[in-house]
2 protein chains.
Amino acid sequence: MARIKPGKNASKRDVITQKAAALFKNKGFSSASMRELAEAVGVEAPSLYNHIGSKSELLQGICFKVANAFTSYLDSAENTPAANAARIEQIIRFHIRMMLDHFDEVYVANHEWKHLKEPYLSNFLIQRRGYEKRLITLLVNGIAAKEFKQTNPYVAVLTILSAVRGLEFWQQHKKNISSQVLEDDMVNHLLKGITK
Amino acid sequence: MARIKPGKNASKRDVITQKAAALFKNKGFSSASMRELAEAVGVEAPSLYNHIGSKSELLQGICFKVANAFTSYLDSAENTPAANAARIEQIIRFHIRMMLDHFDEVYVANHEWKHLKEPYLSNFLIQRRGYEKRLITLLVNGIAAKEFKQTNPYVAVLTILSAVRGLEFWQQHKKNISSQVLEDDMVNHLLKGITK
DNA sequence: TTACAAACCTAATGCTTATTAGTTTTTGTA
DNA sequence: TACAAAAACTAATAAGCATTAGGTTTGTAA
């Protein structure tokens, strides 16, 4: 039988993870079977276990890769000398680009984390909660510095994160809007609103 | 064994559907088993089939009840004499209240529709798409009437719908913000933005 | 050419699933 | 009090699941 060709920068494990992300996105973690994943990879199901430990392990890999990417970016944004408003804008743009460039994985991290097993589930939620809190702090600082209107920072962060997440719908039935227009329009809406 | 007490306005089928919504929300449709549902209802699994046709049928019931509620409200909003901006605001508020008052069912309709079977899956997506298009039309009209800034109406609707959907996070770890403050802040943010 | 390891295969295990069949219990009514 | 219908139960079915065991093929390097 034909072997899989792992490219120079993608081990077979990476290929499997990538196919798993697409599959988990399309069918949901629970409904996706190892048989289907194997078929997508071009192999029989038991052969997958030469490269991975378990189905759960795949989900963990995907979820934490995404979570770590966001956390790392926030680290760097916090350490950049800039106004809070500029930082928030950078972060929104990073979220949008992540949604567009790593759609499958981000989608899975957003939708399927529920199926993580302990202690990964708890760790994921703690990391997520910490991320939100740091964003809220940025907003609180921005309000204190009069860069933002007086508003509830929790609601504002919620609104921003959720709006960006919603790009999954755009991705699903791709419109003929360029990524750049989309990014700019959404940033604009979220930062300035739409009412004249 | 003890019978279930269906209240005057809730047939046993309704009780099952309600428990199913909570279960599907917590574990996902695929991971939720009829055994678990039966336990939540207080009955053995096969007994459920005296009241419902199948597991799929439960999901269909939930998804279309929610979809129809939104469609109906939009019907009435379109037929009310009001500015487009006022209509949009009303619709946003309706979405927020639906999220807060019928959380389980809205959550399931938002997250688990993927597991609908044909032809229900197609019908659901068509209905959803139609709803979005009508919202976009409202926005286009509002822009033409100079009630809104010149912006991409598709992106604006996407942003609004997604932001409102994000209330599921608020619901999950309930904050000490009153529903009214939340509703007003979010409407404000979405309609006017946060930047000074 | 031979040897070794990595990666594949088939077959099997044991568990869980939704649902059906057939029977018994409960309930409401005459 | 008896009867019929509704709703519960137990037992069984058939399919699907992730994963393991054990043996075979393939690629690489001595």
Side-chain angles (χ1 to χ4, degrees), chain A residues 1-8 10-24 26-63 108 112 114-118 120-121, chain B residues 1-8 10-24 26-63 108 112 114-118 120-121:
Chain A
M1 283 293 140
R3 288 286 175 96
I4 307 153
K5 279 254 185 71
K8 261 189 182 152
S11 75
K12 187 169 298 183
R13 193 193 162 94
D14 291 337
V15 171
I16 293 171
T17 302
Q18 189 181 320
K19 294 284 188 186
L23 186 63
F24 293 170
N26 289 329
K27 318 240 324 181
F29 177 75
S30 291
S31 299
S33 76
M34 295 302 277
R35 284 170 167 86
E36 286 172 301
L37 175 56
E39 191 179 6
V41 174
V43 105
E44 293 298 317
S47 303
L48 295 171
Y49 290 85
N50 286 314
H51 306 282
I52 62 161
S54 67
K55 190 186 179 188
S56 275
E57 194 188 278
L58 285 170
L59 183 62
Q60 290 155 26
I62 294 165
C63 289
V108 168
E112 305 295 331
K114 218 178 271 192
H115 301 101
L116 286 169
K117 289 185 180 164
E118 293 293 357
Y120 300 98
L121 177 58
Chain B
M1 284 291 143
R3 287 285 177 99
I4 306 153
K5 280 255 185 69
K8 262 189 181 152
S11 75
K12 188 169 297 182
R13 193 192 161 95
D14 292 337
V15 172
I16 293 171
T17 302
Q18 189 180 319
K19 294 283 187 186
L23 187 64
F24 293 170
N26 289 329
K27 319 240 325 182
F29 176 75
S30 291
S31 299
S33 75
M34 296 302 276
R35 282 171 167 87
E36 286 172 301
L37 176 56
E39 191 180 5
V41 173
V43 105
E44 293 297 317
S47 303
L48 295 172
Y49 291 84
N50 286 316
H51 306 282
I52 62 161
S54 67
K55 190 186 178 188
S56 275
E57 192 189 279
L58 285 170
L59 183 62
Q60 289 155 27
I62 294 165
C63 289
V108 168
E112 306 295 330
K114 218 178 273 194
H115 300 103
L116 287 169
K117 290 182 179 165
E118 294 293 357
Y120 300 98
L121 177 57

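Per chain, numbering begins at 1; letters A, B, ... match sequence-line order.
With Lys55(A) contributing its side chain and Phe29(A) its backbone, the two residues share a donor-acceptor pair below 3.5 Å. For the pair Arg35(B) (side chain) and Ala45(B) (backbone), a donor-acceptor distance under 3.5 Å is absent.
Regarding contacts with the backbone of dA6(C), every side-chain N or O of His51(A) stays at 4.0 angstrom or more from both OP1 and OP2. For the pair Ser47(B) and dC9(D), the criterion of a side-chain N or O lying under 4.0 Å from OP1 or OP2 is met. When the side-chain nitrogen and oxygen atoms of Lys12(A) are compared with OP1 and OP2 of dC8(C), one or more of them lie within a distance under 4.0 Å.
Spacing between atom NZ of Lys27(B) and atom P of dA18(C) amounts to 11 Å, rounded to whole angstrom units. Remark: P of dT17(C) and CD of Glu39(B) are 12 Å apart, rounded to the nearest angstrom. His115(B) has its NE2 atom 13 Å from the P atom of dA18(C), to the nearest Å. Between the CD atom of Glu57(A) and the C1' atom of dA18(D) there is a distance of 14 Å, given to the nearest Å. As rounded to whole Å, 17 Å separates atom P of dT20(D) from atom CD of Glu44(A). In this structure, Met34(B) places its CE atom 21 Å from P of dA12(D), rounding to the nearest Å. Counting to the nearest Å, the P atom of dT20(D) and the CD1 atom of Ile52(A) are 10 Å from each other. Per the geometry, CG belonging to Leu37(A) stands 11 Å off P belonging to dT19(D), to the nearest Å.
You'll find a donor-acceptor pair under 3.5 Å spanning the side chain of Asn50(B) and the base of dA8(D), going by distance alone.
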Item to check | Chi angles and distances behind the side chain to side chain contact (heavy atoms under 4.5 Å, CB included) call for Gln18(B), Val15(B) | outcome: CA-CA 5 Å; Gln18(B) 189 180 319; Val15(B) 172; 5.8 Å; no
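Between Arg35(B) and Lys55(A), the residue anchored closer to the 5' end of DNA chain D is Arg35(B), taking for each the nucleotide with the nearest heavy atom.
Atom OG of residue Ser30(B) and atom CZ of residue Phe24(B) lie 9.5 Å apart, to the nearest 0.5 angstrom.
For the side-chain contact (heavy atoms from CB on, under 4.5 Å) with Val108(B), the lone residue among Leu58(B), Ile62(B), Leu23(B) that qualifies is Ile62(B).
Among the heavy atoms of the strands lying under 4.0 Å from Ala32(A) are primed sugar atoms or P, OP1, OP2 only; no base atom is included.
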